[in-house]
Amino acid sequence: MLGFPAQLARAWNCAPKWCRVIDEEELLEGLNPAQREAVLHRGSPLLVIAGAGSGKTRVLTRRIAHLVYKGEVRSSSILAITFTNKAADEMRSRLVEMLGDEAKYMWMSTFHSACVRILRSHADRFGYSRSFTIYDTQDSRRLVEQIEKELNIDPKKIRPQAIMREIGAAKSEMVDFESYREHASGPFETKVSEVYSLYQQRLKQFSAMDFDDLLMVTVNLFEACPDVLDMYRDRFKHILVDEYQDTNQVQNRLVLMLGEVHRNVCVVGDADQSIYMFRGADVRNILEFEKAFPDVKVIALEQNYRSTKTILDTANAVISNNRSRIPKNLWTSSDAGPPIFRYRASDENDEARFVGREIKRLADQEALFYSDMAVFYRTNAQSRALEEALVIEGIPYKVIGSTRFYDRREVKDLLAYLMVVANPADEISARRIINSPKRGVGDVTLAKLAEYARASGISLVDSFPYATEAGAPKKAAIALAELSSIVSELAQMNDSGVGPAQLLSAVLDRTGYRESIKALEAREAQSRMENIAELVSMAGRFGELQDMLETVALVSDADDLYGIEGKVSLMTIHIAKGLEFEVVFMVGMDDGVFPHMRSIDDPVQLEEERRLCYVGITRSKRWLYLTHAWERMLWGAYNNSIPSRFISEIPDELVRDL
Ligand code: ATP
Ligand code: MG
C-alpha cells in the first residue's frame, strides 16, 4: 500500500507515478531511530555529523528517496553532491532501484560536474564562451611553464608545481589574482602574483578554465548575475552534500548561496575523516554551517554498522590521540571478530609476499572474493613491490588511480585534436597538436606564430595558414597549412553531427599519427595502439563531442574504481574514502612512510595523517592487517625504519602478530 500522502500526491498528479517503492515503511526500513529522524526531518537545515560507517551516506540516499516519494519535490529539483563521480553513480543507481527511472535525471554529481553544467548554460554571462575547455593538471602546468618562460622566471628556482599549488590554494579560498597581488609579499609571492595574473588572462583568452576555476567562476557568476543565482535557488529546492568535512571554502560558499533562501540544506560529514587539507578542504565548514544556519538541526549517528568491535576499538583508540577534535561515542553491536593482524616484514618485498600469501589463503580458506579485499598504501610508488608479489601468486588485481588513462601521451595527443575542434581558442591544445606527430615546427617558429596570432588578435590555430607571414621557414609553413586544413575538415565533420569516435578515426587517418605510432618499437607501439583503440571505443559511447570531453575532463582517480569485479584493489588511502571491504591491508606502516615524512614535525599535519589512518582502518568490515618493514627502499636508497607510531597507539590486546 502507498502511504496516504503519497496516494494523495499521486491523485493530484504531481506524484511520482513511476515510484517503485510500494510502501513508505520500505523506505525507512533498516534505519535506526536517529537515522530515521534524519530522513524525516523537515523545516530547517540539517547537519548529520557522525563517525565512520554510521550510515551517513545511507541516510542521504534515503532522504532523497523519501522527499521524492512523498511528492514533496520533483527529482529534477534536487541537487545532491558526492565526493566522486563513482559515488554519485552508485547513489543514483540505488535511487533508481527504489524510485524507478525518473531518478536518473537528478542532479547528482561532484561539485565540479555540477558547476560545469551551470557554466555550460551561463558562462557567457561572465565573459567566457559556453564551449569553454577544461584544463587538467597537465594542461595547466604547460601553461604555467609557458608563462614562466615569457616572464623570464627560472623554473628551477621557482618550480611550476609550486606556483600551481599556490594559485590553487588561492583559488580554493576565493582569492582572485587582483586580491592576491594586493597582498603578495616577498619575492616568491610577487613572482606568483605575476604568473597568476597572466595565467588567468590567458585562460580567459583561450576560453579555458582549470579545475579550481570551475568552482570559483561559478561563485563569481552567481555574484555578478543575481538572476542566474535566483534561477538555481528556485530550481534546487533541496540541496544535499555528502563528505562535507572535505569541502573547501568555495564549495561551502556555493552551498550557502544556493541554500540561503529556502534553507532546505542537508549536509553529512565526519570531522575525523577530513583528509584533504592540502587541497584547501576546511573542516571548519562544519562548524561554520551551524553559524550560517542558527536554527540548524544537528543529528549525531553513533552506531557503526560496518565493522567488528575490534576494528572500531582500534579506530577509536588511534583517533583519540588527536587533540583538536570533539570526542565521539561510536559503538557497534557486532561481534569482536578476528584480531588486528600485524606483520613485521624484513623489507618491502617480504611485506608484499606476505600480503600475496595471505590474500590467497583468505580466498581459499575463508571463501572470500578477491573483490572483497583491498590493499592501501600512503603513496602510489608503494604499489610496485605489491604488484610483483600478486603476479607471482597469480592474483588478479587492479591498481586504482596511479596513472590516469587520460594522462597517457597518445591519449592526450588525440584528445588535443578534439579539444581544438571544440574550442579553436584553446592554445594549449593547439600547441600540442602542432608536433604530434612530428611536423618539424621548432620552438622558434612556434614563438613567432604565437606572437603573430596575438598581434593579429586571432587564435593560434587560426594563425596556421599565415605561417609564412609570421616568419616560419617554408617546410614548417607547408606543414602548418596542411594541419590547418585537417582541423577545418574535422570542424566541418563535427558541425555536420559526426560523433567523436569518427572524428578520432579521421585524426588517425589524416594526420599520420597512426603511422608515427607504428614506427615505434614493437611492444611500445602495441601498447599505445591498445590505448588508442580503447579511447576510440570509449568515444563511441558519446554522440556529442562536448559531452565526451567533459566526461574525460572530470574523471578523477577514484573513478578508476570501475571494473574491479573479481580483483583485489590496490589504492592510496585517500582514494578509499567512503568505501568498504571485508579485508583491508594497510602496508608501509612505518614512521616516515605513514605518517609521511613531511608531516612528522608538524602537529597539524600529523593530525591529518592520523585522520587518514582512521579512514583506512574504518574501511574494513572484518579483517584488518597492518604491516611494516624494518628496512625499506625509499627514494632510491635502503633505510632502516621503525614501526608507525599509529600502530603503537592500538591497545596490545587487540593485535596479534603473524
Ligand atoms: P563513511 O563515514 O565511511 O562514509 P557512512 O557513515 O557513510 O560511512 P554508510 O556507508 O552509509 O556509512 O554505511 C556503512 C555500512 O553500514 C553500509 O554497509 C550500510 O549499508 C550499513 N548500514 C548503515 N545503516 C545501517 C542500519 N541501520 N542497519 C544495517 N546496516 C546499516
Ligand atoms: Mg559515507
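For ligands, and for the atoms within them, numbers begin at 1 and follow the listed sequence. Position 1 is the first residue of the sequence; numbering continues from there.
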Exercise. Tell me, which protein residue and heavy-atom name are nearest atom 29 (C) of ligand 1, and how many Å apart are they?
Worked result: Tyr305 CD2, 3.5 Å
Exercise. If you count the non-hydrogen atoms of other residues, nucleotides and ligands that lie under 6.0 Å from NZ in Lys309, is the total more than 12?
Worked result: no
Exercise. The Mg ion (ligand 2): which protein N, O or S atoms are under 2.8 Å away?
Worked result: Thr57 OG1
For this session: Using atom types as modelled and distance alone, determine if a side-chain donor or acceptor of Arg253 lies under 3.5 Å from a backbone N or O of Met174.
Result: no
Exercise. Among all protein non-hydrogen atoms, which one is nearest to atom 24 (N) of ligand 1, and what is the separation to 0.1 Å?
Worked result: Gln35 NE2, 3.0 Å
Exercise. Would you say Lys56 and ligand 1 have an N/O pair spaced under 3.5 Å apart?
Worked result: yes
Problem set entry | Gly30 N/O to ligand 1 N/O under 3.5 Å | yes
Exercise. How long is the span from the CZ atom in Arg645 to the SG atom in Cys613, to the nearest 0.5 Å?
Worked result: 11.5 Å
Exercise. When only distance counts, is Gly53 in polar contact with ligand 1, meaning an N/O pair under 3.5 Å?
Worked result: yes
Problem set entry | Per-atom contacts of ligand 1 with Arg619, taking only distances under 4.0 Å to non-hydrogen atoms | 3 (O)
For this session: Flag the pair Glu37 and Lys297 as a salt bridge only when some basic side-chain nitrogen lies within less than 4.0 angstrom of an acidic carboxylate oxygen.
Result: yes
Problem set entry | Under 4.0 Å to a heavy atom of Gly55 - the qualifying atoms of ligand 1, by number | 5 (P), 6 (O), 9 (P), 11 (O), 12 (O), 13 (O), 23 (C)
Exercise. If you measure from atom 11 (O) of ligand 1 to every heavy atom of Arg58, Glu580, Lys577, Gln245, which option wins on shortest distance?
Worked result: Arg58
Problem set entry | Residue and atom name of the nearest protein heavy atom (relative to atom 10 (O) of ligand 1), distance in Å to one decimal | Arg306 NH2, 3.1 Å
Exercise. Relative to the ring of Phe581, is the ring of Phe376 parallel (under 30°), tilted (30 to 60°) or perpendicular (over 60°)?
Worked result: perpendicular
For this session: Tell me, please, which residues at least two apart from Phe594 pass ring pair (Phe, Tyr, Trp, His ring centres under 6.0 Å).
Result: Phe646
Exercise. Between the side chains of Asn316 and Tyr614, is a donor N or O closer than 3.5 angstrom to an acceptor N or O?
Worked result: no
Exercise. Arg279: what forms a salt bridge (charged side-chain N to carboxylate O under 4.0 Å, His left out) with it, not counting sequence neighbours?
Worked result: none
Please list every donor-acceptor pair under 3.5 Å in which a side-chain atom of residues 563-578 meets a protein atom from a residue at least two apart or in another chain.
from, atom 1, to, atom 2, distance (Å)
His574, NE2, Ile275, O, 3.1
Lys577, NZ, Asp246, OD2, 2.5

Exercise. Any Lys/Arg nitrogen of Arg619 or Glu580 sitting under 4.0 Å from an Asp/Glu carboxylate oxygen of the other?
Worked result: no
